[in-house]
Structure formats: structure tokens, C-alpha cells
Amino acid sequence: MDKLILIDGNSIIYRAFFAMPPLTNSSGLHTNAVYGFTNMLLRLIHEEQPSHILVAFDAGKVTFRHEGYQDYKGGRDKTPPELSEQFPLMRELLESFGIAWFELPGYEADDIIGTLTKQAEESGREVLVVTGDKDMLQVVSDRVKVALTRKGVSEVEPYGPKEIEERYGLKPEQIIDLKGLMGDTSDNIPGVPGIGEKTALKLLHQFGSVESVLAHTDELKGKMKENLVNHADDARMSKQLATIYREVQVERSWEDMTFSGIEAEKAVPVLRRLEFKSLLERLPAVSGAAGTEAGATERSESPDLDVTIVDAAKLSEVEKHLHEIEGIVIESYGENPHHATIMGLMLSTAKRHFFLPLELLKEEEAKPVLSWLGDENIPKRGYDLHRADLALFWQGIAFAGAEHDVELAAYLLDPTENDQTISGLAAKYGLPYLPSDEEVYGKGAKFKVPNVDILSLHLARKADALLRIIPLQRSELEKYEMNRLFYDLEMPLSRILADMEKQGVAVNQDALKELGVEFETQINKLVARIYEIAGTEFNLNSPKQLGEILFDKLSLPVIKKTKTGYSTDAEVLEKLAPYHEIVQFILEYRQLAKLQSTYVEGLLKEISPKTGKVHTYFRQTVAATGRLSSQFPNLQNIPIRLEEGRKIRKVFVPSEEGWYILSADYSQIELRVLAHISGDKGLQEAFLHDMDIHTKTAMDVFGVGPDQVDANMRRSAKAVNFGIVYGISDYGLSQNLNITRKEAARFIDQYFDAFQGVRRYMDEIVKEAKRDGYVKTLLERRRYLPEINASNFNLRSFAERTAMNTPIQGTAADIIKLAMVLMDKTLYEHKLKSRMLLQVHDELVFEVPPDELELMKKLLPETMEKALQLSVPLKAEVSCGLNWYEAK
DNA sequence: GAACTCACG
DNA sequence: ACGTACGTGAGTTCA
């Protein structure tokens with residue numbers, strides 16, 4: 001039997017909000033209303049076993065009711081932000097439960113529900129309406145019941161015609177007459193003064209309707225008669241306002257509202273994010289009329305797995321199954337993948353799990369497995385295959401053919417989720433419990449490789465989880481239109497990065513050591529001088545001790561404080577410099593100490609004794625915007641701004657005699673991306689003519705000609721441009737330019753007046769983020785912003801700036817990644833020996849043999865510029881030299 | 001391990 | 001009024 005439940009989303013969420021104590025998850029998101037709503041929902045599903053559900057929401061502030069009566073719902077308090085931020089969550093949760101929801105601009109949830117009850121009734125279906133609003137009782141009939149919430153939201157009281165008769169002595173259609181007479185303060189419906197529920201009911205029992213009461217006022221007397229006569233129009237209007245409109249164009253078919261049970265895989269991640277632990281436990285008990293097939297909602301025990309620990313004798317058996325391997329786990333430990341120790345390999349089919357110790361692969365009989373591993377035409381699915389590739393590489397084992405990397409897919413699906421482990425993902429997708437690596441291996445000093453039985457079982461469980469997660473990720477990627485991003489960009493890039501990392505960058509160790517000696521002498525001089533001036537020796541590297549010297553001993557003015565004491569950062573020291581000569585020396589010391597410890601000593605430690613190179617590791621799954629990051633060592637923050645530090649770049653050299661370092665960087669890529677996505681005509685025009693963008697900005701902001709832009713104006717314009725890309729705030733700009741907030745605010749205003757398309761973009765993207773809960777790049781890379789509707793000003797502002805910045809920074813990241821894939825292909829097709837070495841966000845660095853130099857100087861910028869077609873041209877500038885210092 | 005500082009885009 | 005510019009990684013100190 002079909003049964004439809006219609007829920008007044010607004011009514012329930014409001015009631016839940018005020019009925020529940022405040023509740024937040026660990027990131028400060030308010031969740032009490034969603035919790036109350038969900039609680040009710042689960043109970044309802046359990047008790048009513050509906051075949052169809054739809055939740056209706058009000059859309060927009062103005063409805064057709066306001067056309068006739070502008071004060072409709074006037075005097076209502078604004079929705080508290082703690083509640084507003086829960087609407088997107090509620091919608092997301094409904095979607096994850098497989099429950100349809102609907103809203104239509106200009107109409108209230110009531111009207112949508114009224115229309116649907118009418119339709120359902122006409123086709124002979126049973127309907128239950130759930131709301132806190134008594135008005136709804138007017139739709140009650142033999143087939144339509146209305147459940148009114150009682151005591152908060154978890155309990156409901158169903159009303160049919162009989163119950164309405166018992167309670168009010170009225171027919172359902174008379175409810176609007178009741179409202180017409182008594183009014184409703186919460187909706188600001190006036191009714192007739194002096195008439196409350198008691199009087200209204202008495203009148204209706206006698207006369208039947210508002211019209212009839214008004215026609216018989218002569219039979220009444222006293223104040224009541226007077227009020228009825230004087231407010232007859234109010235009564236008629238109130239009745240009309242209370243009447244639910246039942247002819248809304250609702251574009252939802254019966255099938256759209258089908259509810260076929262909650263799928264744990266979809267619901268669990270959302271409930272987990274909301275941290276609804278008790279609801280998570282209740283989930284298995286709940287199911288729709290369609291039942292619990294697929295066992296999705298059962299909390300199952302870890303399945304028994306068929307695990308084979310492979311030795312030389314059993315290798316032939318593995319080989320028989322190689323063609324049906326569906327997932328692999330190549331387990332290793334150690335922070336740096338280049339130095340990772342491999343604990344073993346798990347090759348899994350749908351039914352069997354083969355554990356191979358690393359040593360086994362060195363046996364002669366393992367040849368087929370090795371060629372399988374290294375065959376790029378055999379697709380492999382696994383977890384963090386990038387790391388596996390590097391770990392195997394240093395063991396002399398080739399790995400190729402990565403097709404689906406679960407870690408990388410998880411990153412694309414939610415780049416800010418911090419637990420991307422297999423165990424975490426298993427929990428997120430509602431799979432059987434999977435112990436974390438930490439639980440199995442221990443951590444820190446306690447880390448220990450367990451015996452082979454425990455290890456192989458753990459890896460089999462991980463592989464088994466991967467096989468279940470992969471199809472779920474595939475359908476999510478499909479749904480979010482991320483297939484291109486994943487399969488054509490990030491997966492191919494993963495292999496390219498591994499190649500770059502294996503290649504490494506040659507470092508002139510002697511030159512680096514010499515630099516170290518140079519720095520050392522200068523540092524020693526500075527330290528001696530500083531101690532002398534201070535009159536005491538202290539630990540210059542300790543901000544605490546330095547603060548005591550500067551602010552207690554020398555009584556310099558305190559510019560800024562940190563959580564724990566005085567701030568002594570460079571910004572503060574700059575300001576203190578005029579007060580005391582010691583400050584300048586400290587600044588110089590800081591600069592050199594940084595160079596020495598991070599770039600000389602740090603880099604020296606990272607040079608591989610095997611290759612004489614540094615092999616960085618590009619992390620592809622950390623940056624929330626889609627950028628790469630670089631570790632062990634970080635080669636994306638080698639000094640360049642100050643000459644002293646820039647010298648470090650001289651030690652990065654080609655790895656072959658006579659070759660060159662070739663580098664190309666995008667010019668103003670982020671502002672070009674902004675010009676494209678904002679559609680701002682002025683900005684686009686500027687790039688079409690390849691103007692100096694900061695000068696152009698200065699001209700427009702200050703309203704002057706090109707010749708009148710002085711250095712200071714250009715500097716300010718440049719800062720404004722940076723600010724725009726970062727998600728501007730007057731405070732931030734004022735800090736950067738050392739001006740007042742007011743002045744900064746004026747700059748910003750003038751900028752937006754000059755570039756109105758940019759203003760529109762910034763407004764729109766924030767609105768979009770508030771509506772959807774996420775923002776996207778041009779290639780559909782997503783970033784969720786759960787705090788975008790937070791009531792906390794700081795959290796919300798931060799999310800708003802992120803909403804502005806992420807599409808820009810993220811699209812720029814998309815573009816250079818595209819360029820890398822294209823360049824890799826270009827090198828291959830031209831059979832070039834040149835090698836891609838580094839990516840530094842907007843720059844690509846290569847080493848190039850002399851006979852390819854001219855060609856590469858042409859190919860590289862061309863390829864970068866055509867990586868993605870925008871409404872403005874992309875521009876890449878190339879330069880070369882004998883080392884990285886010269887190639888800039 | 002958190003806090004501070006500073007290198008890069 | 002609220003108080004931060006966006007995104008990273010690494011070295012040092014100190015509780």
C-alpha cells in the first residue's frame with residue numbers, strides 16, 4: 001500500500017531548534033535543529049513505513065500572500081543565524097537519506113503540501129502530513145491525516161476528521177474560518193479583536209463560517225458584535241490568508257518522492273560529520289517500506305577473508321589470479337616515501353587475498369608478478385599508489401598503471417577531510433569496522449611491524465574495504481562531474497609527479513657548503529655584536545628570551561602580543577628599528593639564521609648519498625585549494641625575494657654536464673583567472689592588451705592616466721590586487737599597506753567601483769557558497785565550507801574569504817596541473833630528453849640538454865598557455881641558465 | 001606537541 | 001562590535 005509522508009520542513013526545523021538545547025559539533029557548527037528533525041524523521045520512518053516522502057520548505061521571504069497583505073508574517077524575529085546555518089545541513093542530510101525535498105519561490109511549504117495532498121488524494125493515496133502548524137488541519141480528509149508535533153518534535157499527534165471533530169467540533173474545512181476569526185499572532189494575521197479560540201468556536205458552531213457569522217451580526221450583541229462589524233474585512237482577509245493554496249505547480253512526480261530506505265553508505269558520512277553518534281546507532285533499526293535489502297543498513301561483522309600468505313611455492317597460484325586482481329595495498333612505513341620500508345604487498349581479487357612479502361619479489365619465480373606490477377597497460381586500483389610507486393622504485397621495482405587511487409579520489413571528494421585513511425573512509429561509507437593502522441602497528445616509539453598473520457589479515461581487510469569503497473567513489477565522482485578531473489588530470493599527474501621525484505634535482509653540495517661557511521661568519525659577527533649591545537648572552541632563537549631583552553631590559557614599546565607573550569616577528573622588529581640599533585642586527589641575524597638552518601643545513605641533510613640529488617615529495621592530497629605541496633625537502637619555498645637568500649638557488653643545477661635549467665612561470669595567473677570567472681570587462685580588456693595589471697588597477701582606482709601612476713600608487717594597487725585574490729577585507733589590506741582601516745575600505749570601494757564585475761563575482765560566490773555549502777573551480781574541484789553560515793563572525797568571515805579565494809587559487813592550480821600533463825605528453829611525443837623537475841604553483845622547472853634548449857624555450861610557454869582556454873589569454877614567461885638562480 | 005617565526009606562490 | 005588577509009612546510013624553543 002502506497003503511503004506518502006509530507007513534512008513541513010520549516011515548521012519542523014523551527015520547532016526542533018527551539019525545543020532542543022544548543023548543540024554543536026566539534027567544528028562549532030550548530031546542529032540541534034537538524035538533530036531534532038532527524039530524530040523525528042527516523043522515528044516516523046520506523047513507525048509509519050512510508051513508501052514516499054517529501055519535505056517541503058519555504059523559499060524566499062516574499063510569498064504571494066504578501067501581495068494582498070504586506071504585513072503577513074510581519075513582526076517575526078529574524079531567523080537566528082544559529083538556525084540559518086542548519087538549513088543547508090538539513091537538505092544535505094535529507095539527500096543522504098534518499099528523501100526528496102522541494103521548495104518553490106513565492107510559496108510556503110504549506111501550499112506545496114496542500115497541493116500534493118490534493119493530488120495524492122485524487123489518485124486515491126494515503127497521506128500523512130507532519131507539521132507544527134494547526135492551519136494544516138484544513139487539508140484533513142478520509143485519506144489525509146495531519147500529525148501535529150507535540151512537546152518539541154519527537155512526538156506527534158495524528159488528526160483525522162474524527163479527531164478534529166472531537167477537539168474543535170468542526171469540519172476540517174472550517175479551520176480557516178476559525179483562523180479568520182481568532183487570527184494568528186505568529187503569522188501576524190489580525191483576526192477580530194476580542195475573539196479568541198473559545199468565542200470563535202462558539203460562533204462557528206452556531207453559524208458555520210466567517211461569511212455566515214458576518215451575515216448574522218444583527219443576532220449578536222455588545223462588544224463582540226461591534227468588533228465583528230468594524231473588523232469584517234479583517235476577518236475575511238484573515239480567512240483568506242489562512243487558506244492554503246492548493247494549485248501550486250509542483251514539479252515533483254510521484255516517483256520523485258519514492259523512499260526506498262536509508263542507505264548506510266550515503267547516510268553514515270553525513271551523520272558522522274554532524275557527529276550524531278546516537279542516531280548512527282539507530283540507523284540499522286530504520287528502514288523504509290522497501291525493506292533492507294543489500295544489507296546496507298545492517299551493522300555487519302568483519303567478513304571472513306580468504307587470505308593466502310604467499311611463498312615461492314605458491315607464487316604460481318598467484319600468477320593464475322593476476323588477471324583478476326581488483327585492488328592492491330602496498331604497505332610501507334616511514335614519513336618520507338623515498339625512504340619508506342615496505343612491509344609487504346597485498347593483491348586482492350573479489351574473493352581471495354594474496355600477501356606477498358617484499359623479499360619474495362626478489363626471487364626468480366616472481367618475475368611475472370613484477371612484470372604485472374610494472375605494466376602500465378594493466379590498470380591498478382589501490383590506496384596511495386604514489387607512495388607505493390616511490391617505495392618500490394628505491395627497491396628497484398617498477399610500478400605503473402595506476403587507474404583509481406582511493407586516497408586521491410577521497411581528496412577530490414572532500415579535500416578538507418582530515419581522516420583520509422582507509423579505516424576512516426570505511427567508517428565514512430558505513431563499512432564494517434576496520435582497525436586503524438595505529439591500532440594495529442602502534443605509533444611513534446611503539447610502532448612495530450606485527451607478525452605475518454596479523455599483518456596479512458590487516459592488509460586483507462584494508463584491501464577488502466578498498467574494493468567496496470571504489471565503486472562508491474566512482475558513482476560520487478560521476479555525480480559531481482569530477483571524472484575528467486580525476487581520471488584525466490589527477491591520476492595521470494600522480495605518475496608524472498612520481499617521475500619528477502625519482503628524477504630529483506641535482507645540488508652542488510660544495511657550493512652549498514661554501515654558502516654555509518659564508519653565512520656562518522656573518523652570523524657569528526652578528527651574534528657577538530648583539531650580545532655586546534644587550535650586555536648579556538641569551539638564546540637569540542628564543543622569542544621569549546629575545547622579548548625579555550627588548551621589552552623588559554631595553555624597555556622598547558610593545559607593538560603586538562602573542563598568546564603567550566611579546567611578539568617579536570619581523571613586522572614588529574621593523575617598527576622597533578628606529579628605537580634601538582640592536583633591532584636591525586636582530587633582523588639580519590634572523591634572516592641569516594633562517595637561511596643557514598633551513599636552506600643550508602636542511603638541504604644538505606636531504607641530499608641523497610645515492611644520487612647526489614634532492615628528491616622532494618609532492619603531496620597531491622593536502623592543499624584544500626588543489627595546489628600541490630612539497631616535502632623532504634620543500635622545494636616550493638626556496639628563497640628568492642631577498643638577494644642573500646636567492647643565492648641558495650645557485651646550488652640547484654642540471655644533473656648532466658652541459659645541460660641547462662629552464663624555467664617558465666605564468667604571469668598573473670590568478671588575476672587572469674579572476675578576469676575570466678568574474679567576466680569583468682575592464683579586467684579582461686587589460687589582459688587582452690597585456691597591460692601591467694597593477695598600473696592599470698592604479699589608474700582605475702585613482703582615476704588617473706598611465707603617466708600619473710607613481711611607484712606608491714602602483715604599490716597600493718598591487719596590494720589591493722593581492723587582497724582581491726585573497727578575499728579582501730579592509731582590515732587585512734590596512735595591515736598590509738600600513739594604513740588605517742578606513743583608508744583601506746575606501747581603496748576597496750574604489751576598486752569595486754572600477755571593477756564592478758569583480759564586485760558582482762565576489763557577492764555571487766559568497767551567496768552561492770551559503771546556498772550550496774561549497775565552491776568549485778573551473779574543473780569542478782570542490783571545497784566545502786561548513787562554516788559559511790556560522791554565527792561566529794570570525795568563522796563566517798574566514799569561510800567567506802575562502803569562498804572568494806578558492807575558485808581563483810584552485811583554478812590556477814587546475815591550469816598548471818593541466819600544463820604538466822600536456823608537457824609530459826609533449827616531451828614523450830617529441831622524444832625529448834628534457835625532464836620536468838619541479839612545480840612551484842605558477843612555475844615549472846626543467847633540465848634541458850643543449851640541443852633541445854631552443855625548442856623547449858618555445859614549447860614550454862606555448863604548452864602552458866594553451867593548457868586551458870579562458871576569455872583572456874594566459875601568458876608564460878621562460879628563462880634559462882646554468883642553475884636555478886640564473887633561470888629567473 | 002603546541003607556539004612562534006619565516007621561507008615561498 | 002566582532003579582529004584576518006589565501007595556500008603551504010620547516011626549524012627552534014619550551015612546557
Side-chain angles (χ1 to χ4, degrees), chain A residues 81 335 415-416 444 538-547 560-573 586-587 589-603 605-606 616-619 622-642 644-646 648-649 665-670 674 719-737 741 744 748 775 783 790-810 812-813 816 838-844:
Chain A
E335 263 217 297
T416 49
F538 61 101
N539 188 343
L540 249 177
N541 291 323
S542 163
K544 189 166 170 258
Q545 292 183 35
L546 178 61
K560 197 166 66 173
K561 292 202 130 195
T562 68
K563 261 189 258 180
T564 52
Y566 307 120
S567 170
T568 67
D569 65 19
E571 195 191 317
V572 168
L573 295 181
I586 294 167
L587 277 165
Y589 168 82
R590 281 259 176 95
Q591 193 199 324
L592 288 165
K594 175 83 175 181
L595 294 175
Q596 186 72 310
S597 66
T598 305
Y599 297 103
V600 176
E601 291 163 3
L603 214 49
K605 280 185 216 148
E606 293 292 345
T616 191
Y617 171 58
F618 288 105
R619 296 185 68 185
V622 281
T625 53
R627 276 190 175 185
L628 300 175
S629 81
S630 157
Q631 268 185 322
F632 318 127
N634 182 352
L635 293 184
Q636 291 183 320
N637 70 346
I638 302 302
I640 189 166
R641 292 173 189 168
L642 300 170
E644 274 301 298
R646 194 172 191 158
I648 299 281
R649 295 188 170 226
D665 63 299
Y666 281 113
S667 160
Q668 302 297 349
I669 188 166
E670 294 192 335
L674 175 63
V720 173
N721 278 330
F722 268 96
I724 291 294
V725 168
Y726 291 160
I728 196 126
S729 73
D730 48 13
Y731 187 84
L733 184 64
S734 74
Q735 289 290 300
N736 191 282
L737 281 178
R741 234 177 58 189
I748 294 168
V775 290
R783 177 172 181 180
S791 52
N792 179 312
F793 174 88
N794 269 330
L795 291 180
R796 189 176 64 248
S797 303
F798 188 66
E800 287 170 358
R801 290 196 299 275
T802 311
M804 299 187 237
N805 169 265
T806 295
I808 302 172
Q809 188 180 123
I816 194 162
L838 296 174
Q839 187 250 48
V840 193
H841 311 307
D842 66 353
E843 174 189 11
L844 294 177

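Just so you know, these numbers come straight off a predicted model, no measurement behind them. Order of the sequence lines fixes the chain letters, A, B, ..., with proteins taken first and strands second; residue numbering starts at 1 for each chain. Computed from heavy atoms alone, side chains included, the values below leave out hydrogens, waters and symmetry copies.
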>> Taking any heavy-atom pair under 4.0 Å as a contact, classify G723(A): base, sugar-phosphate, or nothing.
In response: base
>> Please report the interatomic distance CD1(I638(A)) to CG(L595(A)), rounded to the nearest 0.5 Å.
In response: 10.5 Å
>> Y666(A) vs E843(A), test: side chain to side chain contact (heavy atoms under 4.5 Å, CB included). Steps then yes/no.
In response: CA-CA 6 Å; Y666(A) 281 113; E843(A) 174 189 11; over 6 Å; no
> Does atom CZ of F538(A) have more than 12 heavy-atom neighbours, drawn from other residues, nucleotides or ligands, at distances under 6.0 Å?
Replying inline: yes
>> For a side chain to side chain contact (heavy atoms under 4.5 Å, CB included) check, start with the C-alpha distance between L635(A) and E606(A), then their side-chain angles and the critical distance, and finish with the verdict.
In response: CA-CA 11 Å; L635(A) 293 184; E606(A) 293 292 345; over 6 Å; no
>> Between N637(A) and Y599(A), does the side chain to side chain contact (heavy atoms under 4.5 Å, CB included) criterion hold? Intermediate values first, please.
In response: CA-CA 10 Å; N637(A) 70 346; Y599(A) 297 103; 3.4 Å; yes
> For the side-chain contact (heavy atoms from CB on, under 4.5 Å) test, which of L844(A), D842(A), V840(A) pairs with D665(A)?
Replying inline: D842(A)
> When all nucleic acid strands are considered with a 4.0 Å heavy-atom cut-off, which category describes A803(A): base, sugar-phosphate, or nothing?
Replying inline: nothing
> Taking atom P in both dG3(C) and dA7(B), what distance in whole Å separates the two?
Replying inline: 28 Å
> Which one is paired to dT13(C), where only Watson-Crick or G-U wobble pairs with both distances under 3.5 angstrom count?
Replying inline: dA2(B)
> What string of B, S and - do you get for nucleotides 4-9 of chain B, 5' to 3', when a contact is any protein heavy atom under 4.0 Å?
Replying inline: SSBBBB
> Quick one: CG on L573(A) to CD1 on I586(A), what's the gap to the nearest 0.5 Å?
Replying inline: 6.5 Å
>> Distance under 4.0 Å to a non-hydrogen atom of chain A counts as contact; along DNA chain C, which nucleotides mark the start and end?
In response: dC2(C) to dA15(C)
>> Using a heavy-atom cut-off of 4.0 Å across all strands, would you classify F798(A) as base, sugar-phosphate, or nothing?
In response: sugar-phosphate
>> Categorize R796(A) for me: base, sugar-phosphate, or nothing, with a 4.0 angstrom heavy-atom threshold over every strand shown.
In response: nothing
> What nucleic acid atoms does A624(A) come within less than 4.0 Å of, heavy atoms only: base, sugar-phosphate, or nothing?
Replying inline: sugar-phosphate
> Mind checking the P distance from dC2(C) to dC6(B)? Whole angstroms is fine.
Replying inline: 27 Å
>> One pair to check against side chain to side chain contact (heavy atoms under 4.5 Å, CB included): Q809(A) and V725(A). What are the steps and the verdict?
In response: CA-CA 8 Å; Q809(A) 188 180 123; V725(A) 168; 5.9 Å; no
>> Please report the interatomic distance CZ(R801(A)) to CD1(I728(A)), rounded to the nearest 0.5 Å.
In response: 11.0 Å
> With a non-hydrogen cut-off below 4.0 angstrom, is N792(A) in contact with a base, only sugar-phosphate, or nothing?
Replying inline: nothing
>> Under 4.0 Å, heavy atoms only, any strand: does S729(A) hit a base, just the sugar-phosphate, or nothing?
In response: base
